[in-house]
Protein chains: 4
Amino acid sequence: MCSRTTRSGRTGRPRSAEADTAILDATRAALVDLGWSKLTMGDVATRAGVAKTTLYRRWGNKNELVVDAVAVLFDELELPDLGSLQADVEHVVLQFAALLERPETKTALMAVVAESTRDEPLRERIRTSIVERQKRLVLDGRRRAQERGELATDRDPETVAAVDDLIFDVIAGAVVHRALVSAEPVDRRWAERLSALLVGGLGAAADRG
Amino acid sequence: MCSRTTRSGRTGRPRSAEADTAILDATRAALVDLGWSKLTMGDVATRAGVAKTTLYRRWGNKNELVVDAVAVLFDELELPDLGSLQADVEHVVLQFAALLERPETKTALMAVVAESTRDEPLRERIRTSIVERQKRLVLDGRRRAQERGELATDRDPETVAAVDDLIFDVIAGAVVHRALVSAEPVDRRWAERLSALLVGGLGAAADRG
Amino acid sequence: MCSRTTRSGRTGRPRSAEADTAILDATRAALVDLGWSKLTMGDVATRAGVAKTTLYRRWGNKNELVVDAVAVLFDELELPDLGSLQADVEHVVLQFAALLERPETKTALMAVVAESTRDEPLRERIRTSIVERQKRLVLDGRRRAQERGELATDRDPETVAAVDDLIFDVIAGAVVHRALVSAEPVDRRWAERLSALLVGGLGAAADRG
Amino acid sequence: MCSRTTRSGRTGRPRSAEADTAILDATRAALVDLGWSKLTMGDVATRAGVAKTTLYRRWGNKNELVVDAVAVLFDELELPDLGSLQADVEHVVLQFAALLERPETKTALMAVVAESTRDEPLRERIRTSIVERQKRLVLDGRRRAQERGELATDRDPETVAAVDDLIFDVIAGAVVHRALVSAEPVDRRWAERLSALLVGGLGAAADRG
DNA sequence: TTCTAACCGAGACGGTACGTCAAGTCTTTGA
DNA sequence: TCAAAGACTTGACGTACCGTCTCGGTTAGAA
């Protein structure tokens with residue numbers, strides 16, 4: 001979050017907390033209606049019933065606003081224990097795919113990533129607001145699989161972290177690529193195949209190592 | 001390719017073939033200097049020594065131009081036979097990562113994918129110009145592995161195609177996500193780990209199946 | 001006329017005479033439909049069924065073309081002998097007003113005059129193609145009035161020429177100003193009043209001098 | 001005037017009054033340097049140190065802007081009492097001719113009149129901004145001549161108005177035609193001749209009537 | 001008859017200006 | 001001090017014409 005709704009300074013009129021949520025809601029609505037490239041700050045301001053100045057007082061530019069508006073959607077992802085690693089992976093794949101189907105995410109996510117290649121602060125904002133926060137899914141899934149005995153527990157911590165990151169990039173990357181680049185549906189069959197590949201690969205590594 | 005340099009109609013001054021290449025070169029140069037979002041049609045025209053109207057006569061908008069300018073870079077990817085499936089996968093992962101390191105691709109690819117979520121013709125152009133053309137790498141690699149006996153050959157064709165697609169999405173997606181979203185380096189260690197995961201996963205599937 | 005349909009050089013295909021008339025007709029039609037400022041060379045060429053190059057081979061620019069297209073209309077003006085100077089003046093005033101009512105003249109005349117204030121060759125073209133050719137009306141009318149005895153004949157030639165010019169500017173200028181600037185109708189009543197003023201003024205001068 | 005510098009609504013930043021005058025000054029300067037047809041909105045904006053959008057916020061197009069820029073120049077015309085109708089007419093003729101000699105008026109006046117033949121709002125703007133405001137000269141001159149006894153006072157009001165209009169069209173039209181169409185100098189001799197003609201004509205009418 | 005130079009249509013070319021739009025800043029009044 | 005409103009500068013947009021040029025092809029008169 002950028003804006004400081006809590007009183008930082010002493011005097012003057014306090015910022016409206018309602019404005020914050022109204023703006024983020026309006027941003028998501030605009031993303032649905034217009035997509036990222038046609039979304040304008042003026043339009044968001046109008047939808048939110050707020051002056052453009054108020055937007056700029058809280059977010060430096062369009063990209064930061066969009067990241068914040070979209071980030072919260074990723075917090076919906078959760079990982080119920082479905083009894084097996086394979087089932088857990090399948091479930092998270094389908095959940096993530098459903099999220100990417102929503103127009104506000106599908107158009108916004110790639111756009112801000114694209115912008116972030118030339119904008120280090122934006123990249124950092126994406127990492128902290130979205131990426132790092134969702135790594136919890138991988139960590140939980142792996143821990144649970146270890147508890148079930150599906151995965152070995154004796155590896156060194158560095159390798160564990162590297163594999164966690166790898167799995168995260170593979171799952172997230174594969175789903176995004178399938179959905180947005182290949183433009184093919186992420187259905188149960190595909191999710192099964194991906195999960196099987198990963199679980200098999202993890203198992204094979206364990207067998208060898 | 002959008003422009004038809006070959007004579008389509010009979011009469012009139014023919015389009016300049018030099019302009020085509022000058023424009024695409026200028027587009028790549030502008031991507032390097034400015035990135036996608038700061039690239040303007042007017043700037044590209046100036047760099048190419050061409051009038052803005054000449055650009056619009058051939059490409060309807062910035063995105064189509066960028067796709068054509070970038071597509072050719074992907075044709076550099078190749079798959080030398082390194083003796084094992086694992087080595088082949090590692091090699092293509094590193095090649096692809098190197099391509100994504102280049103500023104003209106890293107900024108352009110995600111941007112046009114983002115735009116394509118709201119622009120069906122653009123999505124189609126990306127598929128035909130970039131995505132489908134690179135599937136050859138997966139097909140060749142799989143065929144070679146089958147010849148070496150690393151992979152079984154008796155599966156039904158539908159499954160084979162589905163797995164080809166899956167592998168393609170996993171490799172491309174994982175590399176893109178690692179490089180652009182997680183913003184971590186795609187080095188030899190990571191490439192080994194990813195390759196091992198995939199080869200192991202494919203082997204495990206074969207063992208079961 | 002700008003184009004030299006007669007053979008100037010020796011060899012080669014001669015210019016099409018039909019093209020000339022088609023272009024001038026098309027120009028007048030375009031003036032009616034679009035007015036001067038919206039008339040484009042490309043549109044005239046299309047209407048005439050002719051290539052733009054053919055226009056520019058014959059007329060240097062839009063203004064020269066329009067002058068030639070409109071000039072011929074002024075040749076319709078004539079001065080039948082109506083028996084008195086007053087009647088003759090009235091008649092030519094109404095004729096001129098009718099000409100200025102036509103959309104192709106009303107929009108074109110002022111426009112080319114405006115352009116001519118910054119374009120000496122154009123001004124010369126207007127003088128020779130339009131202005132000087134219509135002075136005949138004043139000369140004929142004055143000569144006839146002298147024959148009738150309405151005006152004295154003994155003045156010195158320089159003064160006569162000066163008064164001819166004055167009368168021309170007064171009649172033409174007054175009608176144009178009434179019709180296009182004041183935007184009031186040039187009807188019979190107004191024509192009578194103007195004629196009476198002029199004839200009276202000329203007579204008074206004769207009385208005095 | 002187009003812009004409403006006075007507060008019409010309640011809130012928001014008010015329009016800059018300095019911008020108004022800077023723009024009109026810049027327009028006149030551009031007319032002097034470039035003439036009407038080469039004058040561009042972008043150039044005027046640059047000269048005025050103002051954004052193009054600021055121009056368009058206040059004037060819908062080039063013609064309206066030019067009318068406003070030029071109209072004020074006509075207010076310089078005045079009618080000092082020179083003792084006789086003939087002298088008064090001579091004076092206003094020469095004054096008007098001097099105004100038409102200025103490059104900003106000579107190129108602009110005819111151009112906007114030409115445009116007004118296809119643009120009713122523009123015609124109205126010209127009438128109210130320029131034409132009607134200068135009729136005062138004729139009214140004052142006639143009234144003064146009546147006070148001196150040079151003209152009869154007993155005519156019916158309708159005829160008086162019609163003759164006022166006639167005189168206005170004749171003087172303005174003749175001067176414009178002489179200066180811009182015939183392209184001959186409006187010197188003292190010519191002014192004398194025109195004045196004599198008009199005064200004589202008015203007197204003759206009185207004699208008859 | 002055959003050459004050949006100037007013509008013809010079509011339409012792409014490098015430009016210039018257009019009028020619009022959005023970004024992000026600034027300046028008011030009012031809470 | 002913040003808020004809403006809206007005018008501000010900047011700069012790119014995509015379009016329309018400009019006047020020029022390059023094609024393939026035609027049409028006379030000269031050789």
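Reckoned from all heavy atoms, side chains included, excluding hydrogens, waters and symmetry mates.
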Salt bridge (charged side-chain N to carboxylate O under 4.0 Å, His left out) involving B:R102 - partner list, sequence neighbours excluded: B:E76, B:E104
Length of the CD1-C1' vector between C:I23 and E:dC8, whole Å: 11 Å
Results of side-chain hydrogen bond (donor to acceptor under 3.5 Å, both in side chains) for B:D25 - residues two or more places apart only: B:R28
C:K62 NZ - F:dC18 P separation (whole Å): 6 Å
Interatomic distance where CZ belongs to D:R15 and C1' belongs to F:dT9 [whole Å]: 16 Å
Those residues of residues 30-46 of chain C lying under 4.0 Å from DNA chain F by at least one heavy atom: C:T40, C:M41, C:G42
Pairs where residues 105-122 of chain C contributes a residue and the test salt bridge (charged side-chain N to carboxylate O under 4.0 Å, His left out) is met, not counting sequence neighbours: C:E120-C:R123
Rounded distance in Å - CD (D:E64) to P (E:dG19): 11 Å
Interatomic distance where CG belongs to C:L55 and C1' belongs to F:dC17 [whole Å]: 13 Å
Of A:G49 and C:N61, the one whose closest DNA chain F nucleotide lies more 5': A:G49
Any N/O donor-acceptor pair, A:T54 side-chain to F:dA4 base, under 3.5 Å: no
Side chain B:R13 and base E:dC13 donor-acceptor under 3.5 Å: no
Under the side-chain contact (heavy atoms from CB on, under 4.5 Å) test, residues paired with B:T53 that sit two or more places apart: B:A51, B:R57
Any residue meeting side-chain contact (heavy atoms from CB on, under 4.5 Å) with D:L109, in chain and number order, not counting sequence neighbours: D:F74, D:L100, D:I130
5'-most by nearest nucleotide on DNA chain F - D:T53 or B:T53: D:T53
Side-chain donor/acceptor of C:K52 to base of F:dG19, under 3.5 Å: yes
Any A:R58 side-chain nitrogen or oxygen under 4.0 Å from OP1 or OP2 of F:dA3: yes
Short side-chain N/O contact from C:R57 to OP1 or OP2 of E:dC8, under 4.0 Å: yes
Spacing between A:Y56 atom OH and F:dA4 atom P, to the nearest angstrom: 15 Å
